[in-house]
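Structure first, then comments.
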Amino acid sequence: MRFHKTLIPTLKEDPVDAQVVSHRLMLRAGLIRPLGSGIYTWLPLGLRVLRKVEAIVRQEMDNAGAQEVLMPAVQPAELWQESGRWDFYGKELLRFTDRHDRPCCFGPTHEEVISDLVRREIRSYRQVPANFYQIQTKFRDEIRPRFGIMRGREFLMKDAYSFDLDAEGLDASYQSMFAAYQRIFQRCGLAFRAVEADTGSIGGASSHEFHVLAESGEDVIISCDQCDYAANLEKAIAAEADAEAGEAAAPLEKVATPGQKSIEEVARFLQLPMDRLIKSLLVETPAGPILLLVRGDRSLNMIKAANALKLPQVTIPDADRAAYWAGVSMGSLGPVESRLPVVADHELRNLRNFVCGANEEGCHLRNVNWQRDLPVPQFADLRNVTAGEPCARCHSGRLQRHQGIEVGHVFKLGDKYSKAMNVKVLDSQGNEQILVMGCYGIGVSRIVAAAIEQNHDANGIRWPRSLAPFQVELILMNPRDSNEAATGEQLYQALQQAGVEVLLDDRDERAGVKFKDADLLGCPMRLLVGGRSFKEGMVELQSRAGDLSQRIPIQDALATLLPLVKGEGHG
RNA sequence: CGGGGUGUAGCGCAGCCUGGUAGCGCAUCGGCUUUGGGAGCCGAGUGUCGGAGGUUCAAAUCCUCUCACCCCGACCA
């Protein structure tokens, strides 16, 4: 491809709105341009990278035996009403009506559509297992799109859906996809980790997420430093501490704690460690207000809370409503003689002589004990684990905390959709049987951003070889010099004939401009034709990684370069 | 959703407080000189000042409404 004939609008200055590296570099390198909040045009260079990811995904899915289809982006509401998600899915679902006033949505995912297809077309147990996938544009009307392509509203996703006769079949399909995903992310040259995950609004039994490790990641993942336990923070658990030999119950005591609101303030005021306090959190749910308790030094995880309560959503009410429900300000709220339903974190089960709000303005209770002072509540997993806690699986390791970008997610859906939508076949005995489903997503466009987060330096992108828009950028130092131009042209043609993807920078610009742009664009290899070395019959070969810089005779250029760019590597 | 911020040339910004000829840098176009890490000089073009309404002799500037974009926020909110 010729630079001067291609739209590659590089920017010298950092776009002011871009907060993360990948967003900045994608704009600066001319890969994308924004159209609205969370929606982007992919320019020629960016599209090449996107197609690289797509091709890798497609190959591995095909190899794993999945069949490619392409489903509609626009879907009728009836399907979503049938699965029950029309009401359950919140504002993220972009809804609209067609000219006949029929409600529709722009598909954020395709469980309903594929279920509908399969129930119509697949009748016999002989036709399963089957796995269908597509690579398609999705739209999710995110609360707050940000970080460019990383969390856009419109994005390119690969989604696959497996159908099996029984749980064993689903296990096999799941494992096959899990393995395919590992190959995909390896081939993309990414450092990633598979973790146990919450199932979110897709629903279903068990699931794993694939995270690219990066500081800018929006998700927190927890992993053990000894065994292979790894989980999303929304799901991660730590080993429970052993019950301590019981401290004798001390007499209950009400203490005035004027003006001491936060756990920290109260702990300091009473000269107690924070883990002797109980944090009382009033949350709002579709089932009304509920009081949640975690240890003073812990934090509540709302997703865990929603799961524990078996409710779709748990939110923090605004201060006025909270005070109305509680009858006291939040700083003095507590579970003793509370009118509200109480759920406590597991960790509090063995806590004795603890401190909590007295439900009386500016007062706390100390030496509170379950049973004697208040009924033993329901216990559940409500809290975030913290780095350094012992691993629940191996008990010898310690938990670590990383940030990750979720690029893949595999679920065992079970019969959640197939039952609701009546997806069944006749088995070998002639009996109807509901199929069990799995679903498997990959954020194709997000991988492009994640790859940049992991592969860049101060000067620009450093593409892994497998994703680079071009393997080689051939810089013509002075296109107006006919000798240099002719040699550059020959090399350009020869490389193309040898099947090498090459970008010819034939712009009539100063050398410095082309060097800066080449750094920014991040092709793994750079070939300089012209200038000083040319006068000596040489060209210069450099790697973007900086580990290679050599002069080679013009006639040897092709032979030297080819082995370095052939095949798929991680460069 | 709540809170905050910003909208002025393609991009980055100043001007607004205190109303009175719409500016600067980069980019673009032309010319000359340059030419190995984002060149220099000379010249040129470029704007419904986000939109609507209002106040005023006069509005980028003041007031009201509105739209868009960005940031922050779910353990004292």
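Naming: A, B, ... by sequence-line order, numbering from 1 per chain. Predicted, not measured: the structure shown is a model, and the values here were computed from it.
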Which part of the nucleic acid, if any, lies within reach of [X] when heavy atoms closer than 4.0 Å are counted: base, sugar-phosphate only, or nothing?
{"X": "A:E540", "answer": "base"}
{"X": "A:R28", "answer": "base"}
{"X": "A:G530", "answer": "base"}
{"X": "A:E509", "answer": "nothing"}
{"X": "A:S533", "answer": "base"}
{"X": "A:R153", "answer": "nothing"}
{"X": "A:N478", "answer": "nothing"}
{"X": "A:R33", "answer": "nothing"}

Would you list the protein and nucleotides 5-14 of chain B atom pairs, both N or O, that sit under 3.5 Å from each other?
none

**Study point:** Distance between C1' atoms of B:U61 and B:A22 (Å, rounded)
**Key:**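 Pairwise C1' distance, B:U61 against B:A22, rounds to 12 Å.
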
Point to revise | Nearest-angstrom distance, C1' atom, B:A52 to B:C57 | key: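 Approximately 23 Å lies between the C1' atom of B:A52 and that of B:C57.
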
Exercise for review: Test side chain to side chain contact (heavy atoms under 4.5 Å, CB included) on A:D457 and A:R544 and set out the steps.
Suggested key: CA-CA 10 Å; A:D457 62 21; A:R544 178 63 180 82; 2.8 Å; yes

Practice item. Not counting sequence neighbours, which residues clear ring pair (Phe, Tyr, Trp, His ring centres under 6.0 Å) with A:F3? List them please. Key: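 Testing A:F3 for ring pair (Phe, Tyr, Trp, His ring centres under 6.0 Å), a comparison that skips the adjacent residues, returns none.
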
Review point. For B:U21, which nucleotide is its Watson-Crick or G-U wobble mate, given both distances must be under 3.5 Å?
Key: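 Checking every strand shown, B:U21 finds no partner, since no pair has both distances under 3.5 Å.
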
Review point. With both distances under 3.5 angstrom, what nucleotide forms a Watson-Crick or G-U wobble pair with B:U46?
Key: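 Pair assignment: B:U46 / none.
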
Distance check: side-chain N/O of [X] vs OP1/OP2 of [N], anything under 4.0 Å?
{"X": "A:K12", "N": "B:A27", "result": "yes"}
{"X": "A:R532", "N": "B:G36", "result": "no"}
{"X": "A:S37", "N": "B:C70", "result": "yes"}

Can you tabulate the close N/O pairs, meaning under 3.5 Å, that link protein atoms to atoms of nucleotides 41-47 of chain B?
none

**Study point:** salt bridge (charged side-chain N to carboxylate O under 4.0 Å, His left out) partner of A:D519, the single match among A:R526, A:R462, A:K514
**Key:**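 Of the listed residues A:R526, A:R462, A:K514, the salt bridge (charged side-chain N to carboxylate O under 4.0 Å, His left out) partner of A:D519 is A:R526.
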
Review point. Taking for each residue the nucleotide of RNA chain B bearing the nearest heavy atom, is the 5' side occupied by A:T315 or by A:L528?
Key: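 It is A:L528 whose nearest nucleotide is closer to the 5' end.
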
Review point. So how far is it from A:I475 CD1 to A:L527 CG, rounded to the nearest 0.5 Å?
Key: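 Result: 9.0 Å between the selected atoms.
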
In chain order, what residues pass the side-chain contact (heavy atoms from CB on, under 4.5 Å) check against [X], with sequence neighbours excluded?
{"X": "A:Q400", "value": "A:S223, A:D225, A:H402"}
{"X": "A:R339", "value": "none"}
{"X": "A:E536", "value": "A:M538, A:R551"}
{"X": "A:N367", "value": "A:A250, A:E253, A:N353"}

**Study point:** Partner set under side chain to side chain donor-acceptor pair (under 3.5 Å) for A:R276, not counting sequence neighbours
**Key:**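 Counting only residues at least two positions away or on another chain, A:R276 forms a side chain to side chain donor-acceptor pair (under 3.5 Å) with A:E247.
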
Check your understanding: For A:D506, what residues pass the salt bridge (Lys or Arg N to Asp or Glu O under 4.0 Å) criterion, not counting sequence neighbours?
Key ->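 With neighbours one apart ignored, the set is empty.
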
